[in-house]
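I'd like to ask you about the structure that follows.
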Amino acid sequence: MGGLRLLSRLPLPQSDSIPGPAAAWAWPVAGVAIGGLVAAVAYLTQGLGAPVAAALALGAQAMITGAMHEDGLADTADGLWGGWDKARRLTIMKDSHIGTYGVMALLVIALIRWSALAALIAGGHWAAIVLVAAFSRAPMAVLMWVLPNARGSGLAQSVGRVPAKSAAGAALLGAAALLWLGAAGLLAGIAAIGVVLALALTARAKIGGQTGDILGASQQLAEAAALSVLASLLA
């Protein structure tokens, strides 16, 4: 429940406290719930055609999550590539305005997710949609364990550093989700891990660690990479 309160805008019983970092192992479980709702929207609207159903599914996911991961992707692109030093990059990432890098990142990743989703919907691969939603939320926990907080404030800092056991739990659940799909899932996981690793190394080099925006970007990139590989292999 705590993971869904943190990672979604679903009308759940509210709490005055932010779920602690030890609960990060359950973020892939929250992803199953989110992915299930997204898959349900796609399934119910597939009669409109796979491309339309994919677009509506992406819109539903943004509504369910409050577009927090998309916001993180845009801020990450603007900050990491629009600033000349750490302080300026962090300032840009905190700015609510969106720049050219952010727009292009959202556009490119949204197009990748949309096209991959359309292919999976056309092939009736509903489980893949749910399982990728679960897997893509595991890297956030791992990054919060391996990278220090670059800002010292914000949502990621308020949640705290994820313990090794919780990060390992999230990684195992995420891996199990994709391995359920067999060899295709394994290849999708490898591709997603490679993309997230590149993001982590870039963030470490440019701002000294992670922020909530970096975590959101990791979910978007992992999802896009995994969906793309699965669409090419399954659809």
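Every value quoted in this text rests on a predicted model; they were computed, and no experiment measured them.
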Legend entry - Shortest non-hydrogen separation from Leu230 to Ala188 and the atoms involved: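 So the two residues come closest at CG-CB, 3.8 Å.
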Inset, instruction - Check the hydrophobic clustering (I, L, V, M, F, W, Y; side-chain heavy atoms under 4.5 Å; chains of links allowed) and say if Leu44 and Leu120 are grouped together. - result: yes
Legend entry - Worked check of side-chain contact (heavy atoms from CB on, under 4.5 Å) between Arg9 and Ile64: CA-CA 5 Å; Arg9 295 295 182 267; Ile64 292 167; over 6 Å; no
Legend entry - Residue pair Arg161 / Asn149, side-chain heavy-atom distance below 4.5 Å: no
Legend entry - Rounded distance (nearest 0.5 Å) linking atom CG of Leu187 with atom CG of Leu178: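 Those atoms lie 10.5 Å apart.
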Legend entry - Exam field: side chain Asp75 to backbone Asp213, donor-acceptor pair closer than 3.5 Å: no
Inset, instruction - May I ask you to test the Val229-Ile190 pair for a side-chain heavy-atom distance under 4.5 Å? - result: no
Inset, instruction - Consider only side-chain heavy atoms of I, L, V, M, F, W and Y, link residues closer than 4.5 Å, and tell whether Val41 and Tyr43 are in one cluster. - result: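 Val41 and Tyr43: separate clusters.
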Inset, instruction - Please tell me if the side chains of Pro148 and Arg204 come closer than 4.5 Å, counting only heavy atoms from C-beta onward. - result: yes
Legend entry - Spacing of CD1 belonging to Ile207 relative to CD1 belonging to Ile92, to within rounding of 0.5 Å: 11.5 Å
Inset, instruction - Kindly check if the number of other-residue, nucleotide or ligand heavy atoms within 6.0 Å of CZ (Arg88) is above 12? - result: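 No, the 6.0 Å shell around CZ holds no more than 12 heavy atoms from other groups.
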Inset, instruction - Answer whether the closest heavy-atom distance between the side chains of Trp27 and Leu4 falls below 4.5 Å. - result: no
Inset, instruction - Quick one: pull up CG in Leu56 and CG in Leu117 and give me the separation to the nearest 0.5 Å. - result: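 Taking CG in Leu56 and CG in Leu117, the distance rounds to 11.5 Å.
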Legend entry - Hphob cluster co-occupancy, Met63 + Val32, side-chain heavy atoms under 4.5 angstrom: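 Met63 does not cluster with Val32.
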Legend entry - Euclidean distance, Phe135 CZ relative to Leu181 CG, rounded to 0.5 Å: 11.0 Å
Inset, instruction - With the side chain counted from C-beta on, respond yes when Trp114 and Pro51 share a heavy-atom pair under 4.5 Å apart, and no when they do not. - result: yes
Legend entry - Heavy-atom side-chain proximity of Val162 to Met140 below 4.5 angstrom: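 The answer is no, as the side chains (C-beta and beyond) never meet within the 4.5 Å cut-off.
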Legend entry - Connected via hydrophobic side-chain network under 4.5 Å: Leu173 and Leu6: no
Inset, instruction - Report yes or no: does Arg137 contribute a side-chain atom to a donor-acceptor pair with the main-chain N or O of Ala30 at less than 3.5 Å? - result: no
Inset, instruction - Provide the closest heavy-atom pair for Tyr101 versus Trp81 in the form atom of the first, atom of the second, distance. - result: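 In this case the closest contact between Tyr101 and Trp81 is CE1-O, 3.4 Å.
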Legend entry - Check: Gly83 main-chain N/O paired with Arg89 side-chain donor or acceptor under 3.5 Å: yes
Legend entry - Within-4.5 Å side-chain heavy-atom neighbours: Arg151 and Lys94: yes
Legend entry - Smallest separation among heavy atoms of Gly99 and Asp78, with atom names: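 Here Gly99 and Asp78 meet closest at N-OD2, 2.7 Å.
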Legend entry - Check: Leu179 and Leu186 side chains under 4.5 Å, non-hydrogen atoms: yes
Legend entry - Nearest heavy-atom neighbours spanning Leu73 and Ala105: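 Reported closest heavy-atom pair: CD2-O, 3.8 Å.
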Inset, instruction - Check for a donor-acceptor pair, side chain of Arg5 on one end and backbone N or O of Leu12 on the other, with a separation under 3.5 Å. - result: no
Inset, instruction - Please round to the nearest 0.5 Å and tell me the distance separating atom CG of Asp71 and atom CD of Gln220. - result: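 Reported value, rounded in 0.5 Å steps: 10.0 Å.
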Legend entry - Over all atoms of both residues, closest heavy-atom pair of Leu7 and Ile34: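 The pair with the smallest heavy-atom distance is O-CD1, 3.9 Å.
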Inset, instruction - State the OG-CD1 distance between Ser96 and Ile98, to the nearest 0.5 angstrom. - result: 10.5 Å
Inset, instruction - Ignoring hydrogens and angles, tell me if any N or O in the side chain of Ser115 forms a donor-acceptor pair with the backbone of Ile112 under 3.5 Å. - result: yes
Inset, instruction - Of all the heavy-atom pairs spanning Ala217 and Thr76, show the shortest one and how long it is. - result: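 That closest heavy-atom pairing would be CB-OG1, 3.7 Å.
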Inset, instruction - For Trp25, check ring pair (Phe, Tyr, Trp, His ring centres under 6.0 Å) against everything at least two apart and list the hits. - result: none
Legend entry - Common cluster, Val38/Trp180, ILVMFWY with side-chain heavy-atom separation under 4.5 Å: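 Yes: a chain of side-chain contacts under 4.5 Å links Val38 to Trp180.
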Inset, instruction - Please name the residue in the list Glu223, Glu70, His69 that meets the side chain to side chain donor-acceptor pair (under 3.5 Å) test with Gln61. - result: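 Considering Glu223, Glu70, His69, a side chain to side chain donor-acceptor pair (under 3.5 Å) with Gln61 is found only for Glu223.
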